[in-house]
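Residue numbers start at 1 and run along the sequence shown. These numbers were taken from a predicted model, which means no experiment stands behind them. The figures that follow rest on heavy atoms only: side chains count, while hydrogens, waters and symmetry mates do not.
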Amino acid sequence: QVTSFQGVAVRSLSTSSSHDHPEHGRLVYKGNLAKTVLGVKFFSYSTSIFNLFMMPYIMLKSGIGVESLLVQAAFYGLIGIFTFVTPVTLHFLTKGYVVRLYYKEEADTYTAVTYNAILAEKVTVFHQKDVKIPDITKMFTTFYAKTKSMLVNPTLFPNPQDYNHLMGYDKSSCFKFEDLEE
């Protein structure tokens, strides 16, 4: 918040952060690849749309209709891969990337913001007890929230206790000595 005091700019400190949302809670994580993921997906979608609009012109001017059936199949297959498979693959790989993660302490709930297939922000609300850690480390999964796979970078949490609570590492585990002997 900046106010003017006799022609001098004065910055006032506020306790509320611009990233805190009352409906979502306190911002505990912000992914550093959010703009990159959005940019790559947008570029992929735009080139696919460009390919779809240019395809009739290319087919008309190239005379591909005269060539053999094998050449036509190879040409259409190559264009199809770049037009449809690449955006679908990119979405599949990045759909769980968490752009922002909020925590509402009074309800012990998290709100994860990801990008959906049409590049809009998708909100997933889950409780800490819904978090499941995969038994086997997966490339694009840090944890599961209910059944949805989520990807976060643990080093990007400003407060490590927030990550520990999310993953359930802060819960005390009581082991009995008799259980260890067995």
Side-chain angles (χ1 to χ4, degrees), residues 16-52 77-176 179-180 182:
S16 67
S17 170
S18 62
H19 297 291
D20 288 350
H21 293 281
E23 69 272 10
H24 297 314
R26 176 177 56 93
L27 180 69
V28 294
Y29 173 83
K30 186 172 182 182
N32 62 349
L33 295 176
K35 288 183 180 181
T36 304
V37 167
L38 186 64
V40 168
K41 287 175 88 170
F42 179 77
F43 179 75
S44 177
Y45 288 170
S46 62
T47 56
S48 294
I49 291 169
F50 180 77
N51 282 346
L52 286 175
L78 185 65
I79 296 298
I81 286 173
F82 288 113
T83 303
F84 298 110
V85 175
T86 304
V88 170
T89 304
L90 279 172
H91 173 67
F92 178 74
L93 294 176
T94 62
K95 69 181 177 181
Y97 182 74
V98 177
V99 177
R100 290 183 308 277
L101 185 66
Y102 298 94
Y103 177 61
K104 192 178 274 190
E105 195 165 351
E106 56 273 2
D108 198 23
T109 58
Y110 288 91
T111 303
V113 179
T114 58
Y115 292 127
N116 65 10
I118 59 171
L119 305 180
E121 289 186 347
K122 179 182 179 184
V123 174
T124 304
V125 179
F126 58 94
H127 194 276
Q128 195 282 325
K129 67 181 177 186
D130 297 328
V131 173
K132 303 286 185 244
I133 302 170
D135 294 333
I136 300 171
T137 305
K138 297 190 176 183
M139 186 178 293
F140 297 103
T141 304
T142 307
F143 64 92
Y144 290 100
K146 298 179 182 174
T147 59
K148 184 174 180 179
S149 117
M150 299 280 182
L151 176 65
V152 295
N153 184 349
T155 61
L156 295 179
F157 281 83
N159 186 357
Q161 285 79 17
D162 288 328
Y163 176 73
N164 290 339
H165 182 70
L166 170 70
M167 301 301 278
Y169 297 152
D170 60 345
K171 296 178 183 173
S172 65
S173 17
C174 298
F175 294 107
K176 294 181 182 175
D179 293 339
L180 292 175
E182 292 175 7

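With sequence neighbours excluded, no residue forms a ring-ring contact (aromatic ring centres under 6.0 Å, His included) with His91. Under the side chain to side chain donor-acceptor pair (under 3.5 Å) criterion, Thr47 pairs with no residue, sequence neighbours left out. Every residue two or more places apart in sequence or in another chain that forms a ring-ring contact (aromatic ring centres under 6.0 Å, His included) with Tyr163 is listed here: Phe157. Evaluation of the side chain to side chain contact (heavy atoms under 4.5 Å, CB included) rule for Ile49 yields Phe53 as partners, not counting sequence neighbours.
Using modelled atom types, one finds a donor on one side chain and an acceptor on the other under 3.5 Å when comparing Tyr103 with Asp108.
The number of heavy-atom neighbours closer than 6.0 Å to CD1 of Ile118, taken from other residues, nucleotides and ligands shown, is 12 or below.
Here the CZ-OG distance, from Phe43 to Ser48, works out to 9.5 Å after rounding to the nearest 0.5 Å. To the nearest 0.5 Å, atom CD1 of residue Ile133 and atom CZ of residue Phe143 are 9.5 Å apart. Taken from CG in Asp162 to CG in Leu27, the straight-line distance is 9.5 Å, to the nearest 0.5 Å. The CE atom of Met139 sits 11.0 Å away from atom OG1 of Thr137, with the distance rounded to the nearest 0.5 Å.
No side-chain donor-acceptor contact under 3.5 Å links Thr142 to the backbone of Leu151. Although no hydrogens or angles enter the test, the distance criterion places a donor-acceptor pair under 3.5 Å between the side chain of Lys104 and the main chain of Glu23. Although no hydrogens or angles enter the test, the distance criterion places no donor-acceptor pair under 3.5 Å between the side chain of Tyr144 and the main chain of Met150. Between the side chain of Thr94 and the main chain of Val37, no donor-acceptor pair closer than 3.5 Å is present. Counting only distance, with no hydrogens or angles, the side chain of Tyr29 and the backbone of Leu156 share no donor-acceptor pair below 3.5 Å.
Within the 4.5 Å cutoff, no side-chain heavy atoms of Tyr110 are placed close to those of Val125. Val28 is listed as a side-chain neighbour of Arg26, based on a closest heavy-atom distance under 4.5 Å. The side-chain heavy atoms of Leu52 and Phe84, taken from C-beta on, include a pair separated by under 4.5 Å. With contacts defined as side-chain heavy-atom distances shorter than 4.5 Å, the pair Leu101/Val98 qualifies.
Closest of all the heavy-atom pairs between Phe126 and Ala112 is CE2-CB, 3.9 Å. Counting all heavy atoms, side chain and backbone alike, Tyr45 lies closest to Ala117 at OH-O, 2.7 Å. Contact record, Tyr115 with Ala34: CE1-O, 3.6 Å, taken as the closest heavy-atom pair.
Pairs of residues two or more places apart, or lying in two chains, never qualify as salt bridge (Lys or Arg N to Asp or Glu O under 4.0 Å) while including a residue from residues 126-148. Sorted by first then second residue, the salt bridge (Lys or Arg N to Asp or Glu O under 4.0 Å) pairs that include residues 112-121, not counting sequence neighbours, are Arg100-Glu121.
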**Request:** Determine, stepwise, if the pair Gln161 / Asp170 fulfils side chain to side chain contact (heavy atoms under 4.5 Å, CB included).
**Result:** CA-CA 8 Å; Gln161 285 79 17; Asp170 60 345; over 6 Å; no

**Request:** Please test Leu90 against Val40 for side chain to side chain contact (heavy atoms under 4.5 Å, CB included), starting from the C-alpha separation and ending with a verdict.
**Result:** CA-CA 8 Å; Leu90 279 172; Val40 168; 3.8 Å; yes

